[in-house]
K.L.:
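One structure is given below, represented as structure tokens, and several questions about it will come after.
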Amino acid sequence: YEARVLEDAEDGDTAGWDVYYAALGTITNATDPEQASNRIIQLQPDTTTGFRFTIAGSIDDWTKLSWRMLGTDNYRVYISCTTALGHRYLKYMPGTFTPYLLGEYIHHPFGSLGNGKWDTFLRDAATDLTSVEPANSLLSIDAILFTGVSSVDDIVTYTYVDTDGDTLPDALETPLGLDPTNPADA
């Protein structure tokens, strides 16, 4: 598979970031307090301010997306997408519920964050879209938005074949003795 790093903060700047809700928010490229050799994007204040990372260029074939974040149990992450049926936000938030569509928002449960520890997330945006809107298709991922998140790092997109939509590449499943058509074995 192939990976493309969109943001890892190692460049020392905050290019691509902006505050989209509650104009008093600040975005800072800072040294990671837990690992001095690493840089992170700090988002302050983290409770209700909305922060957006706009993806430069087209990533239409790169539908898998991962990121690390540190936040509160009241976080929200939105992946802004262009789809065949118009604009959609894939909205991820705490909870246990069946994914659903409300307007242009497709809601997905994520669970709780790690009590002040970094969490890494990997999502297949195309699968998350079609799991709720089977007649739709993902054309591009345009931005990723955060609320209730204090720090972000390592936003990466991937392209690989994943027949069962479990976020594991088919090329890895077979050597591991897993079935690339069965999402329950991952």
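This one's a predicted model, so the numbers in the text were calculated from it and none came from an experiment. Counting from 1, the numbers follow the sequence of the chain as shown.
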K.L.:
Give a yes or no on whether the backbone of E133 and the side-chain of T130 come within a donor-acceptor separation of less than 3.5 Å.
P.N.:
no
K.L.:
Quick one: list whatever passes side-chain hydrogen bond (donor to acceptor under 3.5 Å, both in side chains) with D153, sequence neighbours left out.
P.N.:
N38, R68
K.L.:
Any chance you could lay out the side-chain contact (heavy atoms from CB on, under 4.5 Å) test for I41 and T14, step after step, and finish with the verdict?
P.N.:
CA-CA 7 Å; I41 300 295; T14 58; 4.2 Å; yes
K.L.:
Would you indicate whether the side-chain heavy atoms of P94 and P109 approach each other to under 4.5 Å?
P.N.:
no
K.L.:
State the CG-OG distance between D32 and S37, to the nearest 0.5 angstrom.
P.N.:
8.0 Å
K.L.:
Could you go through T54 and D142, starting from their C-alpha distance and side-chain angles, then the distance that decides it, and tell me whether this counts as side-chain contact (heavy atoms from CB on, under 4.5 Å)?
P.N.:
CA-CA 6 Å; T54 301; D142 307 313; over 6 Å; no
K.L.:
How long is the gap from CG on L70 to OG on S150, to the nearest 0.5 Å?
P.N.:
4.0 Å
K.L.:
CG of L24 to OG1 of T26: how many Å apart, nearest 0.5 Å?
P.N.:
9.5 Å
K.L.:
Looking at every heavy atom in both L85 and N136, which two are closest together, and how far apart are they?
P.N.:
N-OD1, 3.1 Å
K.L.:
To the nearest 0.5 Å, what is the distance between CG (L129) and OG (S137)?
P.N.:
7.5 Å
K.L.:
For a 4.5 angstrom cut-off between non-hydrogen side-chain atoms, does I27 reach V19?
P.N.:
yes
K.L.:
Report yes or no: does Q42 contribute a side-chain atom to a donor-acceptor pair with the main-chain N or O of Q44 at less than 3.5 Å?
P.N.:
no
K.L.:
What pair of heavy atoms forms the shortest contact from V156 to A3, and how long is it?
P.N.:
CG1-CB, 4.0 Å
K.L.:
Kindly determine whether T49 and Y21 satisfy side-chain hydrogen bond (donor to acceptor under 3.5 Å, both in side chains), including the steps that lead there.
P.N.:
CA-CA 6 Å; T49 304; Y21 182 76; over 6 Å; no
K.L.:
Rounded at 0.5 Å granularity, tell me how far CG in L145 sits from CZ in R52.
P.N.:
6.0 Å
K.L.:
Within a strict 4.5 Å, meaning less than it, do heavy atoms of the R39 and T31 side chains meet?
P.N.:
yes
K.L.:
Shortest non-hydrogen contact from L90 to C81?
P.N.:
CD1-SG, 4.0 Å
K.L.:
Checking side-chain contact (heavy atoms from CB on, under 4.5 Å) between L6 and each of I141, L65, D154, which is the one that passes?
P.N.:
L65
K.L.:
Taking the side chain as every heavy atom from C-beta outward, state whether I79 and R88 have any atom pair closer than 4.5 Å.
P.N.:
no
K.L.:
Checking side-chain contact (heavy atoms from CB on, under 4.5 Å) for the pair Y92/F121: CA distance, chi angles, key distance, verdict?
P.N.:
CA-CA 11 Å; Y92 304 98; F121 297 92; over 6 Å; no
K.L.:
For I144 and I155, work out which heavy atoms get closest and say how close.
P.N.:
CG2-CD1, 4.0 Å
K.L.:
Would you mind reporting whether M93 and F110 have side-chain heavy atoms less than 4.5 Å apart?
P.N.:
no
K.L.:
Are any non-hydrogen side-chain atoms of W67 and E7 less than 4.5 angstrom apart?
P.N.:
no
K.L.:
How far apart are the closest heavy atoms of S151 and I40, and which atoms are they?
P.N.:
OG-CD1, 3.8 Å
K.L.:
When you look at CG of L176, are more than 12 heavy atoms from neighbouring residues, nucleotides or ligands closer to it than 6.0 Å?
P.N.:
yes
K.L.:
With no hydrogens and no angle check, is any side-chain donor or acceptor of T28 less than 3.5 Å from a backbone partner on A30?
P.N.:
no
K.L.:
Is the centre of the Y75 ring less than 6.0 Å from the centre of the F146 ring?
P.N.:
no
K.L.:
Hey, can you tell me if W17 and F53 have their rings parallel, tilted or perpendicular (30° and 60° cut-offs)?
P.N.:
tilted
K.L.:
Under the criterion ring-ring contact (aromatic ring centres under 6.0 Å, His included), I'd like the reasoning laid out for Y20 against F51: C-alpha separation, chi angles, the key distance, then a yes or no.
P.N.:
CA-CA 6 Å; Y20 74 89; F51 301 94; 8.0 Å; no
K.L.:
Please lay out, stage by stage, how V132 and H108 fare under the test side-chain contact (heavy atoms from CB on, under 4.5 Å).
P.N.:
CA-CA 9 Å; V132 176; H108 282 274; 4.2 Å; yes
K.L.:
Answer whether the closest heavy-atom distance between the side chains of K91 and R76 falls below 4.5 Å.
P.N.:
yes
K.L.:
At their closest point, which heavy atom of A125 faces which heavy atom of L138, and how far apart are they?
P.N.:
CB-CD2, 3.9 Å
K.L.:
Taking C-beta and beyond as the side chain, do E34 and W118 meet within less than 4.5 Å on heavy atoms?
P.N.:
yes
K.L.:
Where does the angle between the aromatic ring planes of H107 and Y100 fall among parallel (under 30°), tilted (30 to 60°) and perpendicular (over 60°)?
P.N.:
parallel
K.L.:
Are L43 and Y78 connected in a single hydrophobic cluster, I mean Ile/Leu/Val/Met/Phe/Trp/Tyr linked by side-chain heavy atoms less than 4.5 Å apart?
P.N.:
no
K.L.:
Please determine, by modelled atom types, if H87 and T82 share a side-chain donor-acceptor pair under 3.5 angstrom.
P.N.:
no
